[in-house]
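Input: a single structure, listed below in structure tokens.
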Amino acid sequence: MQNAHALVRDHTVLSVVVGSRAYGLDTAGSDVDRRGVFVAPAPLYWRFDKPPTHVDGPADEQFSWELERFCELALGSNPTVLECLWSPLVETRTPIGDELLALRDAFPSRHAHRTFLRYAESQFRKLEGDLRNQGEPRWKHVMHMLRLLISGRHLMERGEPLVHVGDLRERLLAVRRGEVPWPEIEAWRAALTDDMDAALARSTLPPEPDRARVEDLLHSVRRRSVDW
């Protein structure tokens with residue numbers, strides 16, 4: 001783990017704040033959730049023991065992906081990973097980090113429609129289970145399920161996920177406080193799902209991500225890292 005933490009410390013190319021603070025949904029007790037991308041030097045791959053694809057820490061609430069794994073997830077329209085590329089709170093960006101951010105339009109595709117809806121559907125089913133078994137859902141999770149759908153709708157409509165929720169903050173925080181009745185939650189979720197379906201039909205997103213551009217960046221970075 002110490003060597004893994006050294007990779008994060010010495011070779012991070014992009015580090016951002018995500019979660020409630022990036023979404024504009026933070027309260028007095030909110031944590032600072034950090035996500036990052038590091039590059040494992042190419043010679044580390046020449047041994048039987050390969051470098052990690054992701055690292056927890058070393059700081060609290062910090063999680064990082066190795067560049068290749070990060071790109072794989074982003075090409076698959078993973079919501080958490082895509083939002084890292086559009087976080088308004090960037091703490092570290094090296095020249096390679098700048099190259100990655102300059103390439104962020106290569107990642108989203110129409111596959112995001114399915115991916116975002118699948119994540120939201122999974123969360124919703126768990127929340128329904130909480131409602132049946134405990135009498136009420138975990139309201140913070142309800143808020144984030146709705147925020148995910150809002151982000152996905154924005155992605156379908158404008159080609160990038162919505163990170164900061166803007167003027168939806170108070171309505172979403174009311175959900176978190178449990179002040180919004182469950183039937184209203186269900187109706188909002190259904191409306192957002194319908195909006196995403198409608199937006200897909202007219203979306204300018206490509207059918208597939210631009211894998212070749214991303215692979216060119218990865219190849220270039222691997223070659224540069226030989227002498228690190």
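With sequence neighbours excluded, no residue satisfies side chain to side chain donor-acceptor pair (under 3.5 Å) with Asp26. In terms of the ring pair (Phe, Tyr, Trp, His ring centres under 6.0 Å) criterion, residue partners of His144 (sequence neighbours excluded) are, by chain and number, Tyr23.
Put simply, the side chain of Arg223 reaches to within 4.5 Å of the side chain of His219, judged on heavy atoms. Ser109 has its side chain within reach of Ser77: a pair of non-hydrogen atoms, C-beta onward, lies under 4.5 Å apart. Looking at Leu146 and Leu168, their side chains never come closer than 4.5 Å, going by heavy atoms from C-beta outward. Contact check for Leu218 versus Phe70: no side-chain heavy atoms found under the 4.5 Å cut-off. With a 4.5 Å cut-off on side-chain heavy atoms, Val8 and Pro58 count as touching. Looking at heavy atoms from C-beta onward, Trp139 lies in side-chain contact with Glu136 at the 4.5 angstrom threshold. In this structure, the side chains of Leu101 and Leu14 come closer than 4.5 Å at one or more pairs of heavy atoms. The side-chain heavy atoms of Trp188 and Pro183, taken from C-beta on, include no pair separated by under 4.5 Å.
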May I have the step-by-step check of side-chain contact (heavy atoms from CB on, under 4.5 Å) for Leu25 and Arg176, ending in yes or no? CA-CA 10 Å; Leu25 294 170; Arg176 178 175 178 164; 5.7 Å; no
List the steps and the verdict of side-chain contact (heavy atoms from CB on, under 4.5 Å) for Glu99 and Ile96. CA-CA 5 Å; Glu99 293 177 59; Ile96 290 175; 4.1 Å; yes
Let's go through Trp46 and Val226 carefully: what are the C-alpha distance in whole Å and the side-chain angles of both, what is the deciding distance for side-chain contact (heavy atoms from CB on, under 4.5 Å) to 0.1 Å, and is it a yes or a no? CA-CA 11 Å; Trp46 301 343; Val226 168; 4.1 Å; yes
Take Thr193 and Arg189 through the side-chain hydrogen bond (donor to acceptor under 3.5 Å, both in side chains) test and state the conclusion after the steps. CA-CA 6 Å; Thr193 300; Arg189 168 186 170 270; 5.0 Å; no
As a quick check of understanding, evaluate side-chain contact (heavy atoms from CB on, under 4.5 Å) for Arg224 and Val221, giving each step before the final call. CA-CA 5 Å; Arg224 281 178 270 170; Val221 172; 3.7 Å; yes
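At distances below 3.5 Å, not a single donor-acceptor pair connects side-chain atoms of Ser64 with backbone N or O atoms of Phe38. Put simply, the side chain of Thr12 never gets that close to the backbone of Arg9: no donor and acceptor are under 3.5 Å apart. At distances below 3.5 Å, not a single donor-acceptor pair connects side-chain atoms of His154 with backbone N or O atoms of Val163. For Arg110 (side chain) and Leu200 (main-chain N/O), a donor-acceptor pair under 3.5 Å exists by modelled atom type. The closest donor-acceptor contact from the side chain of Glu121 to the backbone of Arg118 lies at 3.5 Å or more, if one exists at all. A donor-acceptor contact shorter than 3.5 Å links the side chain of Arg202 to the backbone of Ala198. In terms of modelled atom types and a separation under 3.5 Å, the side chain of Asp31 and the main chain of Asp33 share no donor-acceptor contact. For the pair Ser15 (side chain) and Gly36 (backbone), a donor-acceptor distance under 3.5 Å is absent.
Annotation: Arg211, atom CZ; neighbour count of heavy atoms from other residues, nucleotides and ligands within 6.0 Å does not exceed 12. Within a 6.0 Å radius of NZ in Lys140, other residues, nucleotides and ligands contribute 12 heavy atoms or fewer. Other residues, nucleotides and ligands place more than 12 heavy atoms under 6.0 Å from the CZ atom of Arg169. For CG of Asn133, the number of neighbouring non-hydrogen atoms (other residues, nucleotides, ligands) closer than 6.0 Å is greater than 12.
For the atom pair CG (Leu148) and CZ (Arg153), the distance works out to 12.5 Å, reported to the nearest 0.5 Å. Once rounded to the nearest 0.5 Å, the distance linking NE2 of His164 with OG of Ser151 reads 13.0 Å. Going from atom CG of Leu173 over to atom OG1 of Thr27 covers 7.5 Å, rounded to the nearest 0.5 Å. From Cys84, atom SG reaches atom CG of Leu89 across 11.5 Å, with rounding to the nearest 0.5 Å. Atom CG in Leu149 sits 11.0 Å away from atom CG in Asp194 (nearest 0.5 Å).
Ring to ring, Phe124 and Trp182 are close: their centroids are under 6.0 angstrom apart.
Classified by interplanar angle (parallel below 30°, tilted 30° to 60°, perpendicular above 60°), the ring pair His11/Trp228 is parallel.
Checked by atom type, the side-chain pair Glu208/His111 shows a donor-acceptor distance below 3.5 Å.
When every heavy atom of Thr115 is checked against every heavy atom of Gly76, the shortest pair comes out as OG1-O, 3.4 Å.
A single hydrophobic cluster is seen to contain both Val13 and Leu75, as judged by linkage of ILVMFWY side chains at heavy-atom distances under 4.5 Å, directly or through other members. Taken together through direct or relayed side-chain contacts under 4.5 Å among Ile, Leu, Val, Met, Phe, Trp and Tyr, Val90 and Val81 form part of one hydrophobic cluster. Val32 and Val37 are members of different hydrophobic clusters when ILVMFWY side chains are connected at heavy-atom separations under 4.5 Å. Both Met143 and Leu131 belong to a single network of hydrophobic side chains, linked directly or stepwise wherever heavy atoms of I, L, V, M, F, W or Y lie under 4.5 Å apart. Note on Val18: it does not cluster hydrophobically with Val55, by side-chain heavy-atom contacts below 4.5 Å among ILVMFWY residues.
Contact check on Arg125 versus Asp130 returns no salt bridge, with no Lys/Arg side-chain nitrogen under 4.0 Å from an Asp/Glu carboxylate oxygen. Using a cutoff of 4.0 Å between basic side-chain nitrogens and carboxylate oxygens, Glu179 and Arg171 are not scored as salt-bridged. The existence of a salt bridge linking Glu160 and Arg158 is excluded, since no basic side-chain nitrogen approaches an acidic carboxylate oxygen closer than 4.0 Å.
Each salt bridge (Lys or Arg N to Asp or Glu O under 4.0 Å) pair with one or both residues in residues 65-93, not counting sequence neighbours, appears once here: Arg34-Glu91, Glu66-Arg222, Glu68-Arg222, Arg69-Glu72, Glu83-Arg147, Arg93-Asp98.
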